[in-house]
Every structure is written in C-alpha cells, then in structure tokens.
Amino acid sequence: QVQLVESGGGLVQAGGSLRLSCAASGRTFSNYAMGWFRHNPGKERDLVGVISRSGASTYYVDSVKGRFTISRDNAKNTVYLQMNNLKPEDTAVYYCAGRAGPGLPLSTTEYAYWGQGIQVTVSS
C-alpha cells in the first residue's frame, strides 16, 4: 500500500502561484511514476501531468504547459506541482496518484494509489 497526502491548496487570484505537495508513505517512492490530476463536479478527472520514477521525464497537458511544473524529491518521498500564472479555469480539486513501474502513465485507470484531493480556487 501507498498512502498519498496532498497539501498546499487554497484560494489565489488569477496570475498568482501555488505549489502543491504530495507526501507518500508505505512503499519505495522511487518505484512509482507520479501523476497529478484535477476534477470539477460533473466532469471527468483530467490529467494535469506526470513525472517518471527518477524525475528525468515529465509530460504535461497542453492547457498547463509553460505554467505548471512537476518535480519530485525521492529522498523526501514527495512530489510537487508548481502552478504559476494561474487562471480561473484551473479551479478544481487536485489529486496526486501513483503507479508502480516505468514510463509516464496518462490514464486514471493506470493508477492504483490516490490522494484524498485538495481544493485549488483561482479568483478572477
């Protein structure tokens, strides 16, 4: 089992920044590719981006490219989502998720472990 706990959400004005953290416990963190997803009521849970086990590779959806950065510190068992130039449409509950093994998993169905989610609200 892997337990994931997000922190760092909140309310921010458009154009501002937030950094989300996701702390992992329970298994060897460096064995897991980590993804960030977001969800709004009535919609699908959408991928934001993914980072590989070592941190050498990342993938972002087009809507966040150039604004969001995913990083990880395997010594601290933590993955981060730095969000800059936030827009009202970034408002959502954000989730981190873990999938054992190599590569950059893009689908929610590939992830076995999920955090509880954290609210990010961007005001205009």
Side-chain angles (χ1 to χ4, degrees):
Q1 285 280 24
V2 175
Q3 291 79 43
L4 302 173
V5 179
E6 299 97 340
S7 61
L11 173 65
V12 64
Q13 288 188 330
S17 297
L18 280 176
R19 187 176 82 156
L20 303 184
S21 299
C22 173
S25 61
R27 291 286 180 94
T28 304
F29 181 65
S30 58
N31 287 344
Y32 290 79
M34 298 298 296
W36 284 97
F37 293 79
R38 60 189 180 186
H39 180 246
N40 280 302
K43 296 186 177 181
E44 300 282 332
R45 187 174 294 190
D46 293 327
L47 177 70
V48 173
V50 185
I51 189 166
S52 62
R53 295 181 297 177
S54 68
S57 299
T58 53
Y59 171 87
Y60 302 94
V61 295
D62 286 346
S63 60
V64 307
K65 279 181 184 176
R67 300 189 298 123
F68 290 13
T69 303
I70 300 175
S71 61
R72 66 189 296 161
D73 185 338
N74 285 344
K76 295 183 178 180
N77 291 352
T78 303
V79 61
Y80 305 97
L81 177 65
Q82 177 68 45
M83 303 184 291
N84 297 329
N85 190 21
L86 281 159
K87 303 176 181 181
E89 51 263 43
D90 295 316
T91 295
V93 176
Y94 282 71
Y95 297 86
C96 65
R99 198 285 308 268
L104 295 171
L106 303 183
S107 171
T108 57
T109 59
E110 298 184 76
Y111 288 85
Y113 302 104
W114 292 84
Q116 81 286 355
I118 193 162
Q119 180 70 46
V120 170
T121 302
V122 185
S123 63
S124 56

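All heavy atoms count here, side chains included; hydrogens, waters and symmetry mates do not. Heads up: numbering here begins at 1 and tracks the sequence.
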Chemist: Indicate yes or no for a side-chain donor-acceptor contact from Asn74 to the backbone of Arg53 under 3.5 Å, with no hydrogens or angles considered.
Modeler: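 Side chain of Asn74 to backbone of Arg53: a pair is present.
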Chemist: Hey, is the main chain of Lys43 close enough, under 3.5 Å, to the side chain of Asn40 for a donor-acceptor pair?
Modeler: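 Judged by distance alone, no pair lies under 3.5 Å.
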Chemist: Determine whether Val61 and Leu106 fall in the same hydrophobic cluster, where Ile, Leu, Val, Met, Phe, Trp and Tyr are linked whenever their side-chain heavy atoms lie under 4.5 Å apart.
Modeler: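 Cluster IDs for Val61 and Leu106 match.
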Chemist: If you compare all heavy atoms of Ser57 against all heavy atoms of Leu104, which two are closest, and at what distance to 0.1 Å?
Modeler: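 Shortest heavy-atom separation between Ser57 and Leu104 comes out as O-CD2, 3.7 Å.
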Chemist: Between the side chains of Asp62 and Lys65, is the shortest nitrogen-to-carboxylate-oxygen separation below 4.0 Å, so that they form an ion pair?
Modeler: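 Asp62 and Lys65: salt-bridged.
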Chemist: Would you list the atom pairs, donor with acceptor, under 3.5 Å between side chains in residues 15-22 and any protein atom, with sequence neighbours excluded?
Modeler:
from  : atom 1 : to    : atom 2 : distance (Å)
Ser17 : OG     : Asn84 : OD1    : 2.9

Chemist: Taking all heavy atoms of Ala33 and all of Gly103, pick out the closest pair and write down the distance.
Modeler: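 So the minimum-distance heavy-atom pair works out to CB-O, 3.7 Å.
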Chemist: Say you draw a straight line from NZ of Lys87 to OG of Ser124; how long is it, rounded to the nearest 0.5 Å?
Modeler: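 Lys87 atom NZ to Ser124 atom OG measures 14.0 Å (nearest 0.5 Å).
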Chemist: How would you list, by chain and number, every residue that makes a salt bridge (charged side-chain N to carboxylate O under 4.0 Å, His left out) with Glu110, sequence neighbours excluded?
Modeler: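 Scan of Glu110 (salt bridge (charged side-chain N to carboxylate O under 4.0 Å, His left out), adjacent residues dropped) gives Arg99.
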Chemist: Any heavy-atom pair between the side chains of Met83 and Asp90 that's under 4.5 Å?
Modeler: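 Sidechains of Met83 and Asp90: no contact.
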Chemist: Give me each pair satisfying ring pair (Phe, Tyr, Trp, His ring centres under 6.0 Å) with a member in residues 36-71, each pair once, sequence neighbours excluded.
Modeler: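 Applying ring pair (Phe, Tyr, Trp, His ring centres under 6.0 Å) to every pair that reaches into residues 36-71, excluding sequence neighbours, yields Phe37-Tyr111, Phe37-Trp114.
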Chemist: Any heavy-atom pair between the side chains of Pro105 and Val50 that's under 4.5 Å?
Modeler: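 They are in side-chain contact.
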Chemist: Is any side-chain heavy atom of Thr91 closer than 4.5 Å to one of Gln119?
Modeler: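 A side-chain contact exists here, since the closest heavy-atom pair is under 4.5 Å.
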Chemist: Between Asp73 and Tyr80, is there a side-chain heavy-atom distance shorter than 4.5 Å?
Modeler: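 Heavy-atom side-chain distance check passes, below 4.5 Å.
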Chemist: Counting C-beta onward and ignoring hydrogens, is there a side-chain heavy-atom pair between Gln116 and Glu6 closer than 4.5 Å?
Modeler: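 Side chain of Gln116 against side chain of Glu6, heavy atoms only: contact under 4.5 Å found.
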Chemist: How about Met34 and Leu4: do any of their side-chain heavy atoms sit closer than 4.5 Å?
Modeler: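 Sidechains of Leu4 and Met34: in contact.
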Chemist: In Å, rounded to the nearest 0.5 Å, how long is the span from SG of Cys96 to CZ of Arg72?
Modeler: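 Going from the SG atom of Cys96 to the CZ atom of Arg72 covers 11.0 Å.
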Chemist: With rounding to the nearest 0.5 Å, note down the distance linking OG1 in Thr108 to CD in Glu44.
Modeler: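 If we round to the nearest 0.5 Å, Thr108:OG1 and Glu44:CD are 7.5 Å apart.
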Chemist: Side chains of Phe29 and Lys76: does their closest heavy-atom pair fall under 4.5 Å?
Modeler: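 Phe29 vs Lys76: side chains apart.
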Chemist: Do you know the tightest heavy-atom contact between Val2 and Ala24?
Modeler: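 Closest pair (atom of Val2, atom of Ala24, distance): CG1-CB, 4.4 Å.
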Chemist: If you group Ile, Leu, Val, Met, Phe, Trp and Tyr by side-chain heavy-atom gaps below 4.5 Å, do Leu81 and Leu11 land in one group?
Modeler: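 As far as the 4.5 Å side-chain criterion goes, Leu11 and Leu81 are not connected within one cluster.
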